[in-house]
Amino acid sequence: MSGREVLSVAVIGGGFAGVGAAIRLKQRGIADIAILERGTRPGGTWRDNTYPGAACDIPSRLYSYSFAPNPDWSHTYSGSEEILAYVDSMIEKFELGQYFRFEHNVADVTWDEDSSLWEVTVDDRDPVFARAVVMASGPLANVSLPKIRGIESYEGEKIHSARWNHDYDFAGKKVAVVGTGASGVQIVPELVRVADSVKVFQRTPGWVLPRTNLSTRPLTREVYRRLPFTQSLARKAWFWGHESVALGVVWKSPLTRVVEGVSKLHLRAQVRDPWMRRQLTPEFRAGCKRLLMTSQYYPALQKDNCTLVTWPIASMSPKGIRTVEGIEHQFDAIVFATGFDVSKAGTPIPITGRGGRVLAQEWSKGAYAYKSVAVSGYPNMYFTFGPNSGPGHSSALVYMEAQIDYIVDAIATAVNQNFVLDVRADVQAQYNEDLQRRLTKTTWNSGCSSWYLTEDGFNATMYPGFATQYVKQLDTVVLPDYSVTPANTAAGVGGAVLVGTN
């Protein structure tokens with residue numbers, strides 16, 4: 001181990017999670033850290049998603065950290081450029097630039113029992129050794145084109161929403177959009193403005209709620225700057241407003257009908273044609289799939305140069321898309337708004353724990369963890385936005401902030417007291433048994449097919465409760481829930497490494 005770099009914590013990823021973890025670690029006095037980022041700049045999801053119309057469907061006051069408030073949000077809902085600027089501002093304010101290591105693509109993470117260290121293998125670079133690892137790569141980091149027969153044969157421009165080609169000129173082009181989820185409903189209105197024609201291929205319609213994106217008045221921004229508690233109050237108001245929505249979208253209740261009713265009124269108000277309204281009306285309960293927030297999508301679908309196609313796609317051809325009724329639709333470009341490769345089973349990076357156990361194999365039938373952040377057999381390793389930490393009604397950053405504070409508490413305990421913390425298998429099993437029992441009563445497990453579930457219906461994604469419940473369970477690191485053993489300090493360790501791209 002002599003001559004090799006040894007740190008206290010490895011955080012993998014330089015997006016929201018990695019930056020937030022670095023801030024909190026530094027505030028706890030753990031400043032010997034390195035943020036391993038595979039890209040050339042920070043930002044994660046918001047660095048990668050630069051498609052036209054890219055924006056967050058959670059209010060900016062809530063889609064930010066409480067410990068890093070931004071008084072200068074320009075609108076209720078911010079676009080990707082402004083969110084990326086917020087990430088940059090945190091890096092500057094908390095002086096994190098020195099900790100970033102760009103173009104560090106982590107290829108493998110392996111636990112060494114003799115040294116009580118994680119070995120982090122990086123492509124084309126020397127490995128890094130660390131007392132602890134924070135997997136901050138996030139669930140929306142990896143993308144691929146969908147598995148459609150003949151996709152390789154298509155000769156036109158293929159663009160994934162998270163790998164946008166800004167050099168391609170859509171003006172005067174015939175364009176297809178495959179996918180009508182959160183990204184698709186933002187992209188379609190933008191393409192309709194410039195393309196000669198747009199055909200939108202819909203597999204299943206979603207529940208759509210109106211989104212009013214008001215600009216923030218200069219006076220309001222000034223008040224937030226001068227009186228920070230007013231912004232904190234605004235954030236709390238948004239939090240409790242979203243918390244109340246859980247009663248209608250997490251579980252089937254009378255409020256579910258209210259959510260559906262609002263969505264149907266929105267549809268009726270914006271779509272004139274009864275047949276199109278029928279095509280755009282979901283057959284599953286609100287909340288079973290992600291709710292869509294937009295007031296521009298329905299009007300765009302009714303423009304003269306836009307067509308909604310609901311026939312299933314059979315295959316692709318050199319010139320376009322063939323649907324099951326036998327029609328070939330020809331295009332200059334096809335945009336795939338088909339989401340991300342979410343790790344509901346397996347892991348995005350190979351992880352080897354105690355006794356040579358491989359996490360991808362253990363998660364092959366569905367990912368699981370203890371309180372979303374730790375997995376038995378993988379000591380001193382923690383996950384941000386890990387299994388079953390997805391909110392269906394609130395901001396992911398509310399959940400992520402609670403995870404980060406818990407993780408930093410655990411790491412501080414391990415580093416300061418020279419411990420190896422490994423969550424007990426029986427505690428983990430009991431937690432997940434209770435979690436899956438609660439999930440059976442939620443809308444996500446009510447019968448629809450969604451990216452929340454594995455192919456056999458296992459829900460490894462969502463948390464079955466209120467945000468307040470999720471945050472509360474992460475209040476304190478309960479050491480009896482862990483196997484706590486002394487670390488082998490023969491290697492002489494010093495600091496922390498952060499790995500992630502969220």
Side-chain angles (χ1 to χ4, degrees), residues 57-58 139-140 146 177-186 188 200-211 242 244-271 273-295 297-298 301 308-313 323-324 336-340 342 344-345 366 388-394 396 435-466:
D57 54 11
I58 293 292
L140 307 181
V177 177
V178 178
T180 54
S183 300
V185 300
Q186 293 179 346
V188 169
V200 180
F201 289 79
Q202 172 187 277
R203 185 170 60 178
T204 55
W207 291 102
V208 177
L209 296 175
R211 192 188 77 156
H242 279 258
S244 66
V245 174
L247 294 170
V249 300
V250 176
W251 306 278
K252 178 182 174 181
S253 74
L255 284 178
T256 308
R257 292 296 187 189
V258 173
V259 174
E260 293 173 355
V262 171
S263 179
K264 288 178 179 179
L265 286 173
H266 178 52
L267 176 60
R268 179 172 289 276
Q270 289 203 322
V271 178
D273 180 54
W275 175 244
M276 179 174 274
R277 287 203 299 266
R278 182 175 177 180
Q279 290 176 306
L280 293 169
T281 301
E283 296 181 353
F284 53 86
R285 305 310 303 269
C288 193
K289 293 176 181 282
R290 182 176 177 179
L291 294 175
L292 305 176
M293 304 288 293
T294 175
S295 295
Y297 178 59
Y298 288 155
L301 288 179
L308 178 67
V309 180
T310 58
W311 288 100
I313 295 174
T323 46
V324 294
F336 295 93
T338 48
F340 299 83
V342 180
K344 296 170 287 189
N388 296 110
S389 62
H393 65 287
S394 190
L435 187 79
Q436 292 299 322
R437 177 183 55 78
R438 291 165 59 194
L439 277 165
T440 61
K441 301 176 183 178
T442 64
T443 55
W444 307 309
N445 288 41
S446 62
C448 74
S449 174
S450 74
W451 65 268
Y452 300 149
L453 309 177
T454 62
E455 291 184 1
D456 59 359
F458 180 80
N459 192 331
T461 309
M462 308 303 286
Y463 177 75
F466 293 101

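Side chains included, hydrogens not; waters and symmetry mates left out as well; all remaining heavy atoms used. In what follows, residues are counted from 1 in the order of the sequence shown. These numbers were taken from a predicted model, which means no experiment stands behind them.
Using a 4.5 Å heavy-atom threshold, the side chains of T294 and D57 count as separate. Considering only heavy atoms from C-beta on, Y297 comes within 4.5 Å of V200 through its side chain.
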Report task. Could you please spell out the steps behind the ring-ring contact (aromatic ring centres under 6.0 Å, His included) verdict for W444 and Y463? Result -> CA-CA 10 Å; W444 307 309; Y463 177 75; 8.7 Å; no
Query raised in the report: What's the verdict on side chain to side chain contact (heavy atoms under 4.5 Å, CB included) for I313 and F201, showing C-alpha distance, side-chain angles and the deciding distance?
Result: CA-CA 8 Å; I313 295 174; F201 289 79; 4.0 Å; yes
Requested in this report: List the steps, then state whether side chain to side chain contact (heavy atoms under 4.5 Å, CB included) holds for V250 with M462.
Outcome: CA-CA 10 Å; V250 176; M462 308 303 286; over 6 Å; no
Report task. Go through the steps to decide whether S295 and Q270 satisfy the test side chain to side chain contact (heavy atoms under 4.5 Å, CB included), and finish with yes or no. Result -> CA-CA 9 Å; S295 295; Q270 289 203 322; 4.3 Å; yes
Query raised in the report: What's the verdict on side chain to side chain contact (heavy atoms under 4.5 Å, CB included) for L435 and N459, showing C-alpha distance, side-chain angles and the deciding distance?
Result: CA-CA 10 Å; L435 187 79; N459 192 331; over 6 Å; no
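Summarising the geometry, atom OG belonging to S394 is positioned 11.5 Å from atom CZ belonging to F466; distances are rounded to the nearest 0.5 Å. Separation of atoms OG1 (T204) and CD (E283) is listed at 9.5 Å; rounding is to 0.5 Å. In this structure, R268 CZ and T281 OG1 are separated by 9.0 Å, a value rounded to the nearest 0.5 Å. Atom NZ of K252 is separated from atom OG1 of T443 by 11.0 Å, given to the nearest 0.5 angstrom. Distance check: R438 CZ to Q436 CD gives 11.0 Å after rounding to the nearest 0.5 Å.
L247 and S253 make their closest contact through O-OG, 2.5 Å (heavy atoms, listed as atom of the first residue, atom of the second, distance). Across all their heavy atoms, W207 and K264 have their closest contact at CH2-CE, 3.7 Å. The minimum heavy-atom distance between M276 and L308, with the atom names listed, is CE-CB, 4.4 Å. For V262 against P210, the heavy-atom pair with the smallest separation is CG1-CD, 4.3 Å. Minimum heavy-atom separation, T256 to G248: OG1-O, 2.8 Å. Smallest separation of non-hydrogen atoms from L292 and T180: CD1-O, 3.5 Å.
Shown here are the salt bridge (Lys or Arg N to Asp or Glu O under 4.0 Å) partners of R211, two or more places apart in sequence or in another chain: there are none. In this structure, the side-chain contact (heavy atoms from CB on, under 4.5 Å) partners of V245, at least two apart in sequence or on a different chain, are V249, H393.
Side chain of R290 to main chain of G181: no donor-acceptor pair is present (N/O by atom type, distance under 3.5 Å, no hydrogens or angles). Under the 3.5 Å distance criterion, the side-chain polar atoms of S263 are matched with a main-chain donor or acceptor of V208.
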